[in-house]
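Have a look at the structure below, then the notes.
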Amino acid sequence: MSEQSHFIRDIIIADRQSTKNGGRVHTRFPPEPNGYLHVGHAKSINLNFGLAKEFGGKCNLRFDDTNPSKEETEYVDSIIEDVRWLGGEWDGIYYASDYFQQLYDWAVQLIKSGKAYVCDLTPDQVRENRGTLGEPGINSPYRDRSVEENLELFARMKAGEFPDGSRTLRAKIDMASKNLNLRDPIMYRILHAEHHRTGKQWCIYPMYDYAHGQSDSIEGITHSICTLEFEDHRPLYDWFVEQLGIHHPRQIEFDRLDLTYTMMSKRKLLKLVQDTYVNGWDDPRMPTISGMRRRGYTPESLRNFANGLGVSKTAGITELALLEYHVREDLNKRALRVMGVLRPLKLVLDNYPDEQVEYMEAVNNPEDASAGTRKIPFSKVLYIEQDDFREDPPKQFFRLSPGREVRLRYGYFVTCTSVVKNERGEVMEVHCSFDPASRGGNSPNGRKVKATIHWVSAAHAMDAEVRIYETLFTKEDPNDVSPESTAGQDFTANLNPKSLEVISAKVEPSLTGASPGSRYQLERMGYFCIDKDSSADKLVLNRTVTLKDALAKIENKAGGKK
RNA sequence: UCCCCGGUCGUUCAACGGUAGGACAGCGGCCUUUGACGUCGUGAAUCGUGGUUCGAAUCCACGCUGGGGAGCCA
């Protein structure tokens, strides 16, 4: 199973052959600490760390912390934890803020060479002078200040003599450029804010465009991989390092990950958290790395997913099904099997001795013989899944129904003899007779049954709270707010009211003491993971993902035909 | 209106002038003490029009179409 090649790998291979950078490969993963990492970042992490590893190079974890008003230490900590969990092995942790002094010195150098100037225009005036997509901008009246004046003003900006927004340092490039990023872009703005690392040491902060390339350069980055929206910034990235005459990393852009039914905008994820549409950044419904970890995803599954994505410049949208495929594949290999009944229906074996308890042997993981077996208590009164019984079974339904025989997994063959209903006509109890010759679920005489269902002994089962998750949004594109819907509607209108369902389930007693984070397959129901909200007397399970469900598919189709 | 980048099965990625292939999804068998897993099979695509060429998904031109771009955000 070799990885597919892609254009970035091809570029790196070509660069190594050309002895550019001395054959070195050095990448970086540069998040801004203004939120939690999400599955989209996993793609970038996988790419940057993966390429470095593949070519015997290095990858830095660098925080792009140039905007103190949005950044927090909490985010730095979570990002480090998430990158580590995903398996990223960084050469070092760096911060753009470590380079503030060097960046400042370089700015002075650009002023001296006549390539930068202090501009006194207000934000509104800057915007007006910038021109439009179709028309050129006009030069700032401060564009031709003398080097001396610029030097003095810039020093005073740094010294804190001016209020926020009153002045900027701009690169002197071309106000008529077709590329708006080249119309004398702002390099520094005044921000009297407390930075999470440098405190109040600085009151001027470099803009992304001025800080990023130079930070890459300082770290000796060879390939600066970023997402497509920075394509238009590349000429500016190149311009700065060329003017400065310093090491010139190559910026390469690729398409960011977009997933159906998933919101990737950090800003909007923040809104979900702040307005409590979800229970924090690590809510298992969130596409954040921490949310997915809590939900039960494994780092391997995320890595395999990211690896299988491919890298291109086509801005597309990946189906959520691909992600689910990778979790199932990984969990199938490693998750221990266990029986649990999500929506219990009482099943009574009329011909089973009242007080008898037998211990049935069950396989822990059919995919892994070394996982061994365990004993599960079996008795006269059991719980089975409500969905596994139908009084009037449709043609394709093979499970339990009046008169029909099925197998209780690892238990016995049982035949439904009668049902007990309440006054509303709902089935409250199912009565069966069992075949003593079928102990363990073995066919006594070659007799076949079409279904095997799971169960739990009523007297021995543990109660568990199970959290069933569906997609957070009802639409493939959460941002698709139909125009007819009243103005003011935003993506929250597409929130799925059924994204979380909490139910009381019955699980086999072997789950006693299961530790938070451990993952299981509840046979026939899906993969689950023990939530951190669990306590000694209360087990809480998150459903990571369902198993593929052939019956559901059949029924959906039948229902769809109507 | 201007600039940049794209357009290959439903989705995603490959094919780098020489047989359009994989994965997921779909469909249909087989297997099955999980309607799971596994396994076998199957349908399904080069945006259009010209041109270059023995030969074009690939090169060129024009058109169509999608994404990005006018933060003192990153």
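By convention in this document, chain letters (A, B, ...) are assigned in the order of the sequence lines, proteins followed by strands, and residues within each chain are numbered from 1. This one's a predicted model, so the numbers in the text were calculated from it and none came from an experiment.
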Could you pull out every donor-acceptor pair under 3.5 Å between side chains of residues 128-138 of chain A and any protein atom, sequence neighbours left out?
unit_1, atom_1, unit_2, atom_2, d
A:Thr132, OG1, A:Gly134, N, 3.2
A:Thr132, OG1, A:Glu135, N, 3.1

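- Nearer to the 5' terminus of RNA chain B, by closest-nucleotide assignment, is the contact made by A:Tyr410 (compared with the other of A:Tyr410 and A:Arg189).
- The side chain to side chain donor-acceptor pair (under 3.5 Å) analysis of residues 153-164 of chain A, with sequence neighbours excluded, yields the pairs A:Glu152-A:Arg156, A:Arg156-A:Glu161.
- Atom CD of A:Glu385 and atom C1' of B:rU34 are 12 Å apart (whole Å).
- Nucleotide B:rG71 is shown with a syn base, its glycosidic torsion being within 90° of 0.
- Every residue two or more places apart in sequence or in another chain that forms a side chain to side chain contact (heavy atoms under 4.5 Å, CB included) with A:Ser401 is listed here: A:Pro393, A:Arg404.
- The nearest whole Å value for the distance from the CZ atom in A:Arg256 to the P atom in B:rA74 is 15 Å.
- Counting heavy atoms from C-beta outward, A:Asn139 and A:Met175 have side chains that approach closer than 4.5 Å.
- A:Ser224 is linked by a side-chain hydrogen bond (donor to acceptor under 3.5 Å, both in side chains) to A:Arg28, A:Asp216, counting only residues two or more places apart in sequence or in another chain.
- Across all strands, A:Tyr325 comes closer than 4.0 Å only to sugar-phosphate atoms, never to a base (heavy-atom distances).
- Under the side-chain hydrogen bond (donor to acceptor under 3.5 Å, both in side chains) criterion, A:Arg409 pairs with A:Glu523, not counting sequence neighbours.
- Rounded to whole angstrom, the span from the CD atom of A:Glu253 across to the P atom of B:rG6 amounts to 10 Å.
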Contact list (N/O, under 3.5 angstrom) for nucleotides 43-46 of chain B vs protein:
none

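- Using a 4.0 Å heavy-atom distance criterion, A:Arg409 is classed as a base contact.
- Base engagement by A:Gln396 is indicated by at least one non-hydrogen atom pair under 4.0 Å involving a base atom.
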| field | B/S/- contact track for nucleotides 7-15 of chain B, protein heavy atom under 4.0 Å | value | ---BSSBS-

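- Looking at A:Asp209 and A:Arg234, no side-chain N of the basic residue comes within less than 4.0 Å of a carboxylate O on the acidic one, giving no salt bridge.
- Non-hydrogen atoms lying under 4.0 Å from RNA chain B are contributed by A:Phe230, A:Glu231, A:Asp232, A:His233, all within residues 230-239 of chain A.
- Only one option out of A:Phe413, A:Phe378, A:Tyr412, A:Trp455 pairs with A:Phe434 in a ring pair (Phe, Tyr, Trp, His ring centres under 6.0 Å); it is A:Tyr412.
- A:Leu259 comes within contact range of no nucleotide atom at all, as no heavy-atom separation falls under 4.0 Å.
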| In dot-bracket form, how is RNA chain B paired, counting a Watson-Crick or G-U wobble pair only if both its distances are under 3.5 Å and using | for bases paired to another strand? | .((((((..((((....[..)))).(((((.......)))))....(((((..]....))))))))))).....

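- Put simply, CG on A:Asn179 is 11 Å from P on B:rC5, counting in whole angstrom units.
- One N or O donor and one acceptor, one from the side chain of A:Arg399 and one from the base of B:rG35, sit under 3.5 Å apart.
- One finds a salt bridge joining A:Asp388 and A:Arg524 here, because a Lys/Arg side-chain nitrogen approaches an Asp/Glu carboxylate oxygen to under 4.0 Å.
- The side chain of A:Asn67 lies closest to B:rA74, out of B:rA70, B:rA74, B:rC24.
- The side chain of A:Arg524 places an N or O atom within less than 4.0 Å of a non-bridging phosphate oxygen (OP1 or OP2) of B:rG35.
- As judged by a 4.0 angstrom heavy-atom cut-off over every strand, A:Phe397 is placed among the base-contacting residues.
- The cationic atom of A:Arg197 (NZ for Lys, CZ for Arg) lies less than 6.0 Å from the six-membered ring centre of A:Tyr95 and within 45° of the ring axis.
- For A:Asn332, the listed nucleotide lying nearest its side chain is B:rC37; candidates were B:rA70, B:rC37, B:rU34.
- Annotation: A:Arg256, atom CZ; neighbour count of heavy atoms from other residues, nucleotides and ligands within 6.0 Å does not exceed 12.
- Nearest nucleotide to the side chain of A:Glu32, out of B:rG71, B:rU34, B:rC73: B:rC73.
- Cation-pi check for A:Lys375 over A:Tyr359 is not met; the charged atom does not lie both under 6.0 angstrom from the ring centroid and within 45 degrees of its normal.
- A:Gln521 comes within contact range of at least one nucleobase, with a heavy-atom separation under 4.0 Å.
- A:Tyr325 and A:Glu329 share a side-chain donor-acceptor pair at under 3.5 Å.
- Closest approach to the A:Lys178 side chain among B:rC2, B:rU34, B:rG71 is made by B:rC2 (side chain taken as heavy atoms from C-beta onward).
- Taking the side-chain hydrogen bond (donor to acceptor under 3.5 Å, both in side chains) definition, one finds that A:Tyr94 meets it with nothing, sequence neighbours left out.
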Collect all protein-nucleotide pairs involving nucleotides 27-29 of chain B in which both atoms are nitrogen or oxygen and the distance is under 3.5 Å.
unit_1, atom_1, unit_2, atom_2, d
B:rC27, OP1, A:Lys557, NZ, 3.3

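- Backbone-only contact: A:Thr66 has heavy atoms under 4.0 Å from sugar-phosphate atoms and none from a base.
- As rounded to whole Å, 12 Å separates atom P of B:rC72 from atom OH of A:Tyr117.
- One finds no side-chain N or O of A:Arg267 lying less than 4.0 angstrom from the OP1 or OP2 phosphate oxygen of B:rA74.
- Applying the side chain to side chain contact (heavy atoms under 4.5 Å, CB included) rule to A:Pro287 yields the partners A:Val39, A:Thr262, A:Leu269; only residues at least two apart in sequence or on another chain are considered.
- Rounded to the nearest Å, the gap between the P atom of B:rU49 and that of B:rC31 is 48 Å.
- Across all strands, A:Asn442 comes closer than 4.0 Å to base atoms (heavy-atom distances).
- The listed nucleotides are B:rA70, B:rC37, B:rC73; the one nearest the side chain of A:Lys70 is B:rC73.
- Positionally, the nearest nucleotide of RNA chain B for A:Leu551 lies more toward the 5' end than for the other of A:Leu121 and A:Leu551.
- In summary, A:Lys43 and A:Asp255 engage in a salt bridge, as defined by a charged side-chain N under 4.0 Å from a carboxylate O.
- The residue A:Met339 sits apart from the nucleic acid: no heavy atom pair falls under 4.0 Å.
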